[in-house]
Amino acid sequence: MGVFTGLVDDTRRKTESDSAPLARLVWELVHRSRMLDAAGRHGEAGADRREALAVLDRLAESGEPRGWSNILSWWTTLYALSARAVEPPASPEAPAPASGTHLHHWSWDVRTAHFDGIPALEAEAARLAAAGRLTELRTVHHRLTARSALFHENRTHRIEEPLRPLFDEEVALARRAAEGLPRALTDRAMFLLAAGRYEEARADFAEAVGPLEGADRTPIVTAT
């Protein structure tokens, strides 16, 4: 926690001089808020979410102060870390990346196994959807979304077409289950931020934090 707090503080200072993207600060604040919630430090987590929402307000109004390239890996790395818990443990037949290891440091066999498993996850999700097994479907779909996000990490200008339907379905499934909606909305908001859809990202995150913080905000409606 201490190391990540230092990272957030450093990014915050850099954004003040336009030497780091505001989007990166939002991603780091949201990730830290989840870590704080997991540690039972809900007041501090709420403060991070409110700061992240304020930065999103700024982005929705005027965008990034300057252009940035190659920032997608910040989002995909933090998203993958938050989604890693739903992946099964590694085995000799199914190697898996070590927790917290960046994609660029994975071995060839781990990368191959991870991404070659995407079609199987798509098929499993379709089977569970047809069977109406919503709880299992949500877990499999989350794994599918996380792996797909990593797979498209280097496709900075083409991420919306393959990934938007997956995040929309995450939100739709959470609404159907009446469970986990704030997290699904937050995940989609962070993706939309990566795609440069600042107003939509702000709307999703405002809706997500409302039940958590009691925020009196009216979100912009986005497609599900």
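Here, residue 1 is the first one in the sequence, and each next residue gets the next number. Keep in mind the model is a prediction, meaning the values are calculated, not measured.
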### Task
Give me the ring orientation class for Phe167 and Phe191: parallel if the planes are under 30° apart, tilted from 30 to 60°, perpendicular past 60°.
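If you compare the ring of Phe167 with that of Phe191, the planes turn out parallel.
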Of all residues at least two apart in sequence or in a different chain, which pass the ring-ring contact (aromatic ring centres under 6.0 Å, His included) check with [X]?
{"X": "Tyr198", "answer": "none"}
{"X": "His142", "answer": "none"}
{"X": "Phe205", "answer": "none"}

### Residues that Glu136 engages under salt bridge (Lys or Arg N to Asp or Glu O under 4.0 Å), provided they are two or more places apart
Arg133
#### Entry: Any residue meeting salt bridge (Lys or Arg N to Asp or Glu O under 4.0 Å) with Arg183, in chain and number order, not counting sequence neighbours
none
Using a 3.5 Å distance criterion without hydrogens, assess whether the side chain of [X] forms a donor-acceptor pair with backbone atoms of [Y].
{"X": "Thr112", "Y": "Asp109", "answer": "no"}
{"X": "Trp27", "Y": "Met190", "answer": "yes"}
{"X": "Thr11", "Y": "Leu25", "answer": "no"}

### Task
Check the pair Glu169 / His141 against side chain to side chain donor-acceptor pair (under 3.5 Å), numbers first and verdict last.
CA-CA 8 Å; Glu169 183 66 8; His141 193 276; 5.3 Å; no
With sequence neighbours excluded, what pairs up with [X] under the side chain to side chain donor-acceptor pair (under 3.5 Å) test?
{"X": "Arg143", "answer": "Glu87"}
{"X": "Thr135", "answer": "none"}
{"X": "Glu44", "answer": "Arg41"}
{"X": "Ser62", "answer": "none"}

### Message
Using a strict threshold of under 4.0 Å (side-chain N to carboxylate O), is an ion pair present between Arg12 and Asp9?
### Response
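Between Arg12 and Asp9 there is a salt bridge, with a charged N closer than 4.0 Å to a carboxylate O.
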Close side-chain approach of [X] to [Y], heavy-atom, < 4.5 Å:
{"X": "Asp57", "Y": "Arg202", "value": "yes"}
{"X": "Arg49", "Y": "Asp37", "value": "yes"}
{"X": "Glu160", "Y": "Arg197", "value": "yes"}
{"X": "Phe4", "Y": "Leu36", "value": "no"}
{"X": "Thr15", "Y": "Pro21", "value": "no"}
{"X": "Glu179", "Y": "Leu173", "value": "no"}
{"X": "Arg58", "Y": "Pro65", "value": "yes"}
{"X": "Tyr79", "Y": "Leu150", "value": "no"}

### Any pair counted as side-chain hydrogen bond (donor to acceptor under 3.5 Å, both in side chains), so long as it reaches residues 113-132, sequence neighbours left out
Glu124-Arg127
### Task
Please identify each residue that fulfils side-chain contact (heavy atoms from CB on, under 4.5 Å) with Ala96, with sequence neighbours left out.
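Applying side-chain contact (heavy atoms from CB on, under 4.5 Å) to Ala96 gives Ala90.
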### Task
Work out which heavy atom in Ser82 is nearest to a heavy atom in Arg34; give both atom names and the distance.
OG-NH1, 3.5 Å
### Query
Can you name the nearest heavy-atom pair linking Arg138 to Gly180, along with the distance?
NH2-CA, 3.8 Å
### Query
Got a sec, which pairs hit salt bridge (charged side-chain N to carboxylate O under 4.0 Å, His left out) with one end in residues 15-24, sequence neighbours left out?
Arg24-Glu28
